[in-house]
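Shown next, in structure tokens, is the structure this report addresses.
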Amino acid sequence: MSPVSSLRRLPRRDLPVGAITMARFLIGKTLVRELPEGRIAGRIVETEAYLPYDKACHAFNGMTKRNHSLFLPPGHAYVYFIYGNYFMLNVSAGKAGVGAAVLFRALEPLAGEQLMKRGRSHVAEKNLARGPGRLAAALRVTMKQDGLDLCAGGPLWLAHAVRPVGRIGRGVRIGITKDADRRLRFYERGNPFVSGPKSLNA
DNA sequence: AGTGCGATTGACT
DNA sequence: GTCAATCGCACTA
């Protein structure tokens with residue numbers, strides 16, 4: 001029996017509250033995308049925490065039209081568009097009304113690799129969901145998924161781990177300029193599906 | 001109404 | 001290793 005045929009939903013009561021604990025907690029867990037063509041599943045191997053009062057967090061200047069999903073109760077999708085090309089998928093991580101989130105940065109593909117590849121046939125399997133832009137592309141996440149409840153077992157949902165998580169590494173977040181020295185990036189050590197240069201992933 | 005810029009990526013030297 | 005592409009939004013006026 002394939003591991004993804006017995007995925008168990010993560011109920012909201014199992015989610016920790018707070019971006020740092022959530023970011024750690026999610027390493028090794030499973031992210032599932034249901035499409036008409038079938039299921040995509042990946043093991044979460046890299047995350048970043050964005051905190052209240054964190055200058056790099058989109059909530060820093062208060063609630064706006066773009067970021068309101070950040071303020072939903074824990075477990076809701078916050079999706080935004082950046083660099084004119086890419087969607088970033090996050091999960092809200094603070095109590096209702098508190099703007100905090102965890103960015104999904106990389107997945108280890110578990111199922112639906114062919115669906116992830118669709119339209120990107122040249123992408124190596126290792127890179128299918130390695131990096132937040134590619135992850136969202138692989139899962140076909142766009143603004144349509146903004147605000148979805150990832151604990152509801154809908155088109156995009158969180159599930160328990162399919163195997164034990166390894167040692168978790170921690171380092172600075174990638175690609176940001178404000179509050180750039182805070183070590184809020186988490187990843188499974190030694191996992192080849194983690195993004196970023198090898199030097200950051202020891 | 002105009003401006004600046006970003007939680008990235010892939011192409012290129 | 002460097003660097004341009006690309007556009008919605010927040011901010012200023």
Side-chain angles (χ1 to χ4, degrees), chain A residues 18-27 31 42 44-72 74-94 98-109 116-148 150 156 168-188 192-201:
Chain A
I20 294 178
T21 46
M22 179 86 85
R24 274 191 97 92
F25 169 84
L26 288 175
I27 300 293
L31 184 59
I44 299 163
V45 296
E46 182 184 0
T47 59
E48 281 177 359
Y50 289 84
L51 316 179
Y53 308 111
D54 166 5
K55 295 198 203 69
C57 181
H58 289 172
F60 188 73
N61 292 312
M63 199 182 304
T64 66
K65 181 177 192 172
R66 174 165 69 189
N67 70 12
H68 70 275
S69 298
L70 262 176
F71 298 82
L72 293 171
H76 289 80
Y78 165 52
V79 183
Y80 66 92
F81 182 65
I82 195 166
Y83 297 124
N85 277 302
Y86 304 104
F87 296 98
M88 302 282 111
L89 173 63
N90 303 252
V91 58
S92 59
V98 174
V102 171
L103 170 70
F104 294 109
R105 286 197 58 93
L107 299 179
E108 170 185 337
M116 293 193 192
K117 262 181 204 161
R118 186 118 144 219
R120 305 186 304 155
S121 53
H122 57 292
V123 180
E125 171 164 341
K126 190 185 76 160
N127 295 330
L128 276 176
R130 183 170 174 269
R134 289 185 287 222
L135 184 155
L139 268 49
R140 300 206 222 148
V141 166
T142 67
M143 294 315 293
K144 289 193 178 112
Q145 282 70 45
D146 185 41
L148 273 183
L150 303 188
L156 186 62
I168 294 177
R170 179 172 185 173
V172 296
R173 293 174 292 186
I174 293 178
I176 61 165
T177 54
K178 303 172 219 163
D179 275 342
D181 51 347
R182 305 179 74 164
R183 298 174 65 242
L184 296 175
R185 173 172 170 264
F186 299 86
Y187 55 92
E188 184 176 40
F193 298 94
V194 173
S195 79
K198 231 178 187 171
S199 59
L200 287 182
N201 298 332

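Lettering of chains follows the sequences in order, A, B, ..., and the numbering in each one begins at 1.
With rounding to whole Å, A:N85 atom CG is found 11 Å from B:dT9 atom P. Atom OH in A:Y83 sits roughly 5 Å away from atom P in B:dT8 (whole-Å rounding). Straight-line distance from the CE atom of A:M88 to the C1' atom of C:dT6: 13 Å, rounded to whole Å. Residue A:E46 contributes atom CD, which lies 10 Å from atom P of B:dT8 at whole-angstrom precision. Taking atom CZ on A:F87 and atom C1' on C:dC7, their separation rounds to 11 Å, with Å as the unit. Between A:N67 atom CG and B:dG6 atom C1' the separation is 15 Å, expressed in whole Å.
Side-chain nitrogen and oxygen atoms of A:N90 include none within less than 4.0 Å of the OP1 or OP2 phosphate oxygen of B:dA7. For A:R185, no side-chain nitrogen or oxygen approaches OP1 or OP2 of B:dA7 to under 4.0 Å. The phosphate of B:dG10 has OP1 or OP2 within less than 4.0 Å of a side-chain N or O from A:R134.
If A:K178 and A:G133 are placed on DNA chain B by their nearest nucleotide, the residue sitting closer to the 5' end is A:K178.
Listed here is the closest heavy atom pair of A:H76 and A:L72: CB-CD1, 3.7 Å.
With a cut-off of 3.5 Å on both pairing distances, C:dT6 has no Watson-Crick or G-U wobble partner at all. Across every strand in view, B:dA7 sits unpaired, with no contact that passes the Watson-Crick or G-U test at under 3.5 angstrom.
How far NZ of A:K178 is from CG of A:D54: 10.0 Å, rounded to the nearest 0.5 Å.
In this structure, A:F87 and A:F81 have tilted ring planes: the angle between them lies in the 30° to 60° band.
Among the protein residues, A:R173 comes within range of no part of the nucleic acid, since none of its heavy atoms lies under 4.0 Å from any strand.
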